[in-house]
There are 6 protein chains.
Amino acid sequence: MELDTGLIYAYASEFLKEDLGRGDVTTQAVVRSGAKARGSFLAKQDLILCGLEFGEAVFAVLDGGIQLESRAHDGEVLKAGAQFARLEASASVLLAGERTALNLIQRMSAIATLTRSFVDRIAGTKAQIIDTRKTTPGLRLIEKYAVTVGGGRNNRSGLDDGVLIKDNHVAMAGGIRRAVELARVNASHLMRIEVEVSTPAGAQEAVKAGADIVMLDNMKVADLNESVRLIRGLSSSTLIEASGRVTVDNVREIAETGVDLISVGAITHSATAVDISMKITPL
Amino acid sequence: MELDTGLIYAYASEFLKEDLGRGDVTTQAVVRSGAKARGSFLAKQDLILCGLEFGEAVFAVLDGGIQLESRAHDGEVLKAGAQFARLEASASVLLAGERTALNLIQRMSAIATLTRSFVDRIAGTKAQIIDTRKTTPGLRLIEKYAVTVGGGRNNRSGLDDGVLIKDNHVAMAGGIRRAVELARVNASHLMRIEVEVSTPAGAQEAVKAGADIVMLDNMKVADLNESVRLIRGLSSSTLIEASGRVTVDNVREIAETGVDLISVGAITHSATAVDISMKITPL
Amino acid sequence: MELDTGLIYAYASEFLKEDLGRGDVTTQAVVRSGAKARGSFLAKQDLILCGLEFGEAVFAVLDGGIQLESRAHDGEVLKAGAQFARLEASASVLLAGERTALNLIQRMSAIATLTRSFVDRIAGTKAQIIDTRKTTPGLRLIEKYAVTVGGGRNNRSGLDDGVLIKDNHVAMAGGIRRAVELARVNASHLMRIEVEVSTPAGAQEAVKAGADIVMLDNMKVADLNESVRLIRGLSSSTLIEASGRVTVDNVREIAETGVDLISVGAITHSATAVDISMKITPL
Amino acid sequence: MELDTGLIYAYASEFLKEDLGRGDVTTQAVVRSGAKARGSFLAKQDLILCGLEFGEAVFAVLDGGIQLESRAHDGEVLKAGAQFARLEASASVLLAGERTALNLIQRMSAIATLTRSFVDRIAGTKAQIIDTRKTTPGLRLIEKYAVTVGGGRNNRSGLDDGVLIKDNHVAMAGGIRRAVELARVNASHLMRIEVEVSTPAGAQEAVKAGADIVMLDNMKVADLNESVRLIRGLSSSTLIEASGRVTVDNVREIAETGVDLISVGAITHSATAVDISMKITPL
Amino acid sequence: MELDTGLIYAYASEFLKEDLGRGDVTTQAVVRSGAKARGSFLAKQDLILCGLEFGEAVFAVLDGGIQLESRAHDGEVLKAGAQFARLEASASVLLAGERTALNLIQRMSAIATLTRSFVDRIAGTKAQIIDTRKTTPGLRLIEKYAVTVGGGRNNRSGLDDGVLIKDNHVAMAGGIRRAVELARVNASHLMRIEVEVSTPAGAQEAVKAGADIVMLDNMKVADLNESVRLIRGLSSSTLIEASGRVTVDNVREIAETGVDLISVGAITHSATAVDISMKITPL
Amino acid sequence: MELDTGLIYAYASEFLKEDLGRGDVTTQAVVRSGAKARGSFLAKQDLILCGLEFGEAVFAVLDGGIQLESRAHDGEVLKAGAQFARLEASASVLLAGERTALNLIQRMSAIATLTRSFVDRIAGTKAQIIDTRKTTPGLRLIEKYAVTVGGGRNNRSGLDDGVLIKDNHVAMAGGIRRAVELARVNASHLMRIEVEVSTPAGAQEAVKAGADIVMLDNMKVADLNESVRLIRGLSSSTLIEASGRVTVDNVREIAETGVDLISVGAITHSATAVDISMKITPL
């Protein structure tokens, strides 16, 4: 996944405005106008780096000419203590942008790092880790980018770019078969049809009705195995997704059932900031 | 802290747009236009509820007439299993707003719940829990509101509404004394002057230079005790804040040193979504 | 396809602003403030009506309380002379909104009417008329709605909600097979993969590579027939689309080749305004 | 008429966003990142070129450094087969901007080409072709620019920059004379006063009441002749406009009645896209 | 001149946001939530009232249900001490909106009051007072509305809705005659052509070249008289405007030269706030 | 106070749009496209210059490459006749930006000049001139910048960045003591607490209740003296502000009472445009 540069700057500008308000009153009072300094970014724990371009954009919004000297790239494994970027600028620019840049890089790296821990656990299986729509409001695209940096793949970006018939839709439509048939008639011909089911029998019904993807929701491993067996007995091409309460501890067991995709809400809704700091040195 | 209703609706509308994109293609394909349903919100763990008004706003943006029937209020302790709100609407409105409403309430309640756990730990001391600027980009005001719902107090909302001289400012100004003097001359007469120090000697210097608030950063308990003693020897009115790597485990010990304020980044940057669901029943 | 009411009002408001600028100087100078009038909308040719809600929104933006009394609905066949809606309001509101409302309804009805003429021609075949991205800049969603009102179906809304490998992509990827393989690995698992080909051999290659949809571009009828035969020999489920220089005169012949979908750029890029007027009578 | 460069980029950016949504998923999946290509624009029919700057802006929004090598300019007559511009860029930029650029240039050139066909027909008379407010919602300024490129002149840009008393105003004011008198008292002293009339007697009344411009609406040629005679008998400086159901076939006859201006709605509301393509070659 | 209600609310909302920032911290700290109060607006000097709707809009933006009980209307003469409006609301709404409402009404009434003083001075002559583009940036439409409330008339709203050839244009075009001729060929047929001249000879040249309006800039009374005589000798319909350093003291003398229009920059650029207060009483 | 460059350009762009509307129709009609000219800015009265960067931004928005050659800087004393800046550009750019640039510089210089006249009067005392929130709606930050250029200091930028308990708050809270106590408990610990009082007794009560700043509102000089005496008897660090009907004539007398701050509404709400012109010479 690639994020558009214009979008990155738009985010950086909006987030800076949130923090700056009418201006950095402390720096205006205390720091000599024109004083120069160097800022150095340090990883203070092991992590997967993510968000460098956002960090650069924050300072570039404040001072058009600025460029980060980066010593690492998004997706790289950093050890605690690694200096991964630095920049020289007026001290007032460094002080104004510091918190916004850190908040972004810390959250994005947290998601990439957490995603990678899931991806590493299922190495060697055919399964892939995918994200969910359980993202922080306003940060959907940023967080989905971080998922790909961590080695995951993306699921729907919104309600408009994928057909996913969930339990509530099934209830409203009056059954799995009826819901899938309606989707085949009415949904865009460009999209596959995915259905959420909670039992092996439901999985079977979904495939028979013509679902392209079946999501096995909150099933125990035994039921996952049974569902995979039933689905594969009907179709070799149907994609199978496991979902629900996936943790680093159970993800490998799930992957070994033979599912194609494992969706994990936690990689976005439960990532906690990694520890990164920015040190400022007068020049 | 109170959030303006207009602001709440603006957030709700922006976040909905992020999720809806060009529309909910699944529901348009599968659910009969005009079908009605009831949505019920359930706490699936113990938590402090926060964000009900945001939840209501999400659905009201989609359908002007809608109101939540709420059975709890922001700040209330909910037990796992509690139904705290419900609403009746067209199924398409419920399905379109569900994820956005949940994402908001889950994150806000997470912050309120985590804050409350810190607040409860220091009950009986004179210290207060305050937040930091380590918030999710774009959600600063929302997260600061959640902190107050959890019983915490707010620190700066941005770089513009408080004077906080940090280590980097001190380095640029050439010493604590010089930095405080500059702030007294140049900063707004309406604001107090806070200085971050990392040693008891620094604390003493700050008070002598006229600081109104001294932040003791990343000190061990022994140093906190010594700093409080030195500061109180000079002034009874100076506010004392402890900061840095505060956890639920060490917060009481810190509070008992006699500080007035304890700032905790984790209550915003490390809150992980609480478990809440919305059940939809056809009517 | 359904358009969100909020979106309709946003369009109406933007288009009104374009026409009103700083205000309707003629009406302010000539018409007594407070004078009431009735406006009646008349079809001056046979047409398929489309855009009534937009017409209502234009006047409602100017005067919150206003409602159209409609005597027809979107998709209805109107004969020349039919009065299809009327409203009572202050004359200044009618005069300010008249042109914007008419411009919208005239263009939307033009698209619906033209689409219907294609749809009618292929009645009885299994083919469906779909639109393209050859829409008026800024009006994509509005025009796609009009297509559905005329009985057509929608193709991609943008470059983000469908995978369509066109000749230029094939050239860049180095062949049809390679392009489809790349898409199967890299594109979202939620989307089908469509490929544009210009020869029967290309169609065969596309299906073998795993394309879900094959677009037969600018082929003569003989080649269409041959392509359909080859594709169906390999797969019964692959969707087949015909595209390129489709006219009312040749559309039936194309439909009879057995394709599933026929995309027609002309229904949006070459629709010319239908004749509709609004008569204003003083009350 | 000149369009502001900032405005052109604003339009290009808005229209690109409409087409790109969250990104070009096909190109991201299929085309190697960094691959370069050349795009060539070709006229596939005879036409008057219009919109080159918009085409350039679309690609420049995607990639700041890009410039079109243009081989023709707005207003130039192109023959079918002419290559009028080309550019080199990353393939992903060419593929992302292609449709938006074409949609703009095709519509603008269509309007310029159609306008020119009217202008050419009345060569040698003193009449001028002017446009109306029957433009595509959202594209008023763009379409009015295209009219001037085709040799036409502009009428009102909105309800605010010209006083035009139409039949509905006359009805509300209680007669032509009364309406003109009200306009002379109340309208801005900076604007001329134009009145729409439908009979020679009305034309006479308008001039006597002090109208600066008389619009003869939907009159037959005999009535146009009579109206021109009556108006010129009263005033040599009053401008005379003919309006209503003007076609390429009848425009010369109308011009020969001696009117100064002929307004034609069709040049904007009934222009259909000219045929232009963009060919992409890998580099 | 009438201002659109939507526009008034948009202004009120923008200006409130400027003053409120993140919220009224004093009232939130000091005033009991839910406390009700009455606010009364008082004129503390003689004045022409202007801006009541803006005042109401400020409070209505804060609390949708609120209405001012007004005891006077825009354009009314108020004596010092007059209570002209009051409203009941929550105290927090009154305190939040007070300053923004007062700032608007005080400036608008100042302009209306100053304009009226010029208008009164020329009572009985045929001249009219008109404004200029020397308005406060961002408040053009508001200030022009206030001018009409004070009995003046409006000049151009911007560079786009009137043709005024000033000395700088004449210099660039190479003479008055040439400039007027260019305007007659190139400018919109809907607009009159006004020329600024600084001598009686220039006035004569302008009329001969076909100017519809002649602005006599910065002339002494003798030259004004001579210019009026020369212009009227050539044309009875040309409008004559006097401009430049017009004061309340010399405006009557200027009006008596027989000019039609007198433009006065001071009514907008030199109006100083009238004294108005809002008294808040607990209920 | 420093204004962010991005903010300056945003203001310039917004104000230009207000004046330009759809474009400068006079210049387009009369001035040869491409003609170059020089613009020179002249002070036509003695003044303190303010707003040069805004003037530059206006032209730079119209033509990216442009720079003012400035011969003076903000805060400099200019004598009548001084040329303080010039620029070369296309005539159309100079003519389009002239009025907007002048309107800004004239108002900003007016405020700086008026502020300086107050500041000069109290030279040698310890008092400082501060502004109020009685600024022009929409121009708060610009006008507060101008105050600092004139040698004044800034008071609150909005209701959110300072705690000021006014008479209305006292009335709602039920007394000065109660209001201050509430503020000490509830307001941000980062802000000082200011209270408005109208009698010496009130001043005493405020200090006893713990106010950090006391504003003496509308007091006679005798009462100011008495209040200062009472306050200083209780506290040497409490800041004392005088406010209300301060004029150039009485400001020195007030300063000599020993107050620290004197707030003056007139420096913003009653500044009248200074006389500045821009002369354009063809090149």
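Residue numbers start from 1 in every chain, and the chains themselves are labelled A, B, ... in the order their sequence lines are given, proteins ahead of strands.
Checked against F/Asp131 for a side-chain hydrogen bond (donor to acceptor under 3.5 Å, both in side chains), the options F/Thr148, F/Thr115, F/Asn154, F/Thr268 give a single hit: F/Asn154.
B/Asp260 places a side-chain N or O within 3.5 Å of a backbone atom of B/Ile240 that can act as its donor or acceptor partner. Checking side-chain atoms of F/Thr113 against main-chain N and O of F/Ser109 turns up a donor-acceptor pair under 3.5 Å. Judged by distance alone, the side chain of F/Thr247 and the main-chain N or O of F/Asn250 form a donor-acceptor pair under 3.5 Å.
Residue F/Asp161 touches chain B through both its backbone and its side chain, counting heavy-atom pairs closer than 4.5 Å. Looking at F/Leu261, the atoms closer than 4.5 Å to chain B (heavy atoms on both sides) all sit in the side chain, from C-beta outward. Using a 4.5 Å cut-off between heavy atoms, B/Arg153 contacts chain F through its side chain alone, with no backbone atom that close. Residue contact with chain B, scored on non-hydrogen atoms closer than 4.5 Å, involves the backbone and the side chain of F/Asn155 alike. Of the two parts of B/Ile130, only the side chain, counted from C-beta on, holds a non-hydrogen atom closer than 4.5 Å to a non-hydrogen atom of chain F.
The closest side-chain heavy-atom distance from B/Asp223 to B/Thr199 is not below 4.5 Å.
No other option in F/Val163, F/Ile213, F/Ile193, F/Leu190 has as many heavy-atom pairs under 4.5 Å with chain B as F/Leu190.
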